[in-house]
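Just so we're clear, the structure is a prediction, and the values are computed from it rather than from any experiment. Both backbone and side-chain heavy atoms feed into the values below; hydrogens, waters and symmetry mates do not. Just so you know, ligand 1 is whichever comes first in the structure, and atom 1 is the first atom listed for that ligand.
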Amino acid sequence: GVMSSLCVPAPKCLQRTFVAPLRHMFGPGPSNVPPRILAAGAEPIIGHMHPEMFEIMSDITSGVQYAFQTKNKVTLAVSGTGHAAMECALFNAVEPGEDVLVAVNGIWGERAADIAERIGAKVNTIRTPAGGCFTNEEIDQALARHRPVLFFLTHGESSTGVLHPLDGIGDICHKHNCLFVVDCVASMGGAALYMDKQGIDILYTGSQKVLNAPPGTAPISFSERACEKAFNRKKKPVSFFLDLSWLANYWGCDGKPVRIYHHTGPVSNFYSLRESLAVLAEQGLENSWRRHQEVAEYFHKGLENMGLTLFVKDKNLRLPTVTTIVAPPGYDWKEITSYIMKHHKLEISGGLGPSVGQVLRVGLMGCNSIKASVDMVLEALRDALQHCHKSKV
Ligand code: PMP
């Protein structure tokens, strides 16, 4: 044979065919993707700027406007995960040297503060221990003290299992001439949320939670007030990829007649995202909110009947999509999650950030938010508590 000029041979591992195992994805995300949405993602590839693609993107905008309950023109999906949308929100709305206030009641506030610091913002935080939330009065006072251009709040804190109330905060922000930014990655579709009525200026989510689409796209919407700030900056945002002027043009929501190539959108992911929004529209947003609440209550009752304790004491503050359970005393939480994965092919997870070691987290989102999933998780937990090592405390 001819001598090869390659010094790295074709890897042997790539000769094996890969088949993904079937798992019940009951952690805080990604959730299971139903066949209909998987099939949409397997459609043939077309160009990222073909007319049919622009139609799909326009459908996504409409679907996100419905899911967010907003009439905002600048509504699109970032090509990236929830973090990309988080950076898109902060990179575009904040200039170096400006003041930002972040509500930290879990890991997502920490991350938002980190991102805002990286772009040279002056970051202040209000803080509460894991499991807590803020009163409108506390927020009002902090805004008066720090005078930020932007206030960041997480609607569904997936690290602690808290659903933060939103009513009235938008008005308070606007009274202080401040943009209201909300992370609804873990809550959208699973809990009531009205972007326009609640005065939210920037709202973003992810594809892989209640929407049951593959990870990789992140819906985001900007109010007119937010656009005003983002489109009249002194300095360009540090990221070209996440520059809202470019994204709004690519998505056809800047009113300009010509669209210019910015980046190659993830075509298959847009197909799946569109399909997932179609499922939500078909089911009805309010029905989806109601179902997640009912299933969560059924789950919580079942957990308490087993003698387990919920991490969030106030029922009204419990996030219906992600439940945090106090880590069962005497057990190693890692042994429990591994046992359940091994014997039940079911993912639940431990804590994250401030809740590490303190909780188990179970996500029942979108198609997974049904009583049959609850029964499966309860059975798996019962089995694990019987068979995992318990120390005598
Ligand atoms: N915010 C919240 C509330 C989340 O739950 C997550 C994902 N766990 C993110 C942001 C980040 O999303 P991603 O992992 O898709 O980047």
Task: Proximal ligand 1 atoms for Asp183, defined as those under 4.0 Å from one of its heavy atoms - done: 1 (N), 2 (C), 3 (C), 10 (C)
Open item on the list: Regarding Thr323 and His300, do their side chains bring together a donor and an acceptor under 3.5 Å, going by distance alone?
Closed with: yes
- [ ] Examine distances only and state if a side-chain atom of Gln198 and a backbone atom of Tyr194 form a donor-acceptor pair shorter than 3.5 Å.
- [x] yes
TODO: Give the atoms of ligand 1, by number and element, whose distance to some non-hydrogen atom of Ser158 is under 4.0 Å.
DONE: 3 (C), 4 (C), 5 (O)
Task: Matching residue for Leu76 among Leu247, Thr217, Val64 - test: side-chain contact (heavy atoms from CB on, under 4.5 Å) - done: Leu247
TODO: Do me a favour and list the nearest non-hydrogen protein atom to atom 6 (C) of ligand 1 with residue, atom name and distance?
DONE: Trp108 CZ2, 3.3 Å
Task: Non-hydrogen atom of Pro215 closer than 4.0 Å to ligand 1 - done: no
Task: For Gly156, atoms of ligand 1 separated by under 4.0 Å from a heavy atom - done: 3 (C)
Open item on the list: Whether the Glu137 and Gln141 side chains hold a donor-acceptor pair (N or O, under 3.5 Å, no angle test) is what I'd like checked.
Closed with: no
Open item on the list: Any atom of ligand 1 sitting under 4.0 Å from a heavy atom of Lys209?
Closed with: yes
TODO: Measure up the Phe54 and Tyr250 rings against each other and bin them: parallel (under 30°), tilted (30 to 60°), perpendicular (over 60°).
DONE: perpendicular
- [ ] Determine the interplanar angle of the His387 and Tyr339 rings, folded into 0 to 90°, and report it as parallel if under 30°, tilted if 30 to 60°, perpendicular if over 60°.
- [x] parallel
Task: N or O contact, Gly82 vs ligand 1, cut-off under 3.5 Å - done: yes
TODO: Could you list the atoms of ligand 1 found under 4.0 angstrom from a heavy atom of Thr81?
DONE: 13 (P), 15 (O), 16 (O)
Open item on the list: My understanding is that only one of Lys209, His155, Glu157, His164 makes a side chain to side chain donor-acceptor pair (under 3.5 Å) with Ser187; could you say which?
Closed with: His155
Task: Gln208 touching ligand 1 at heavy-atom level, < 4.0 angstrom - done: yes
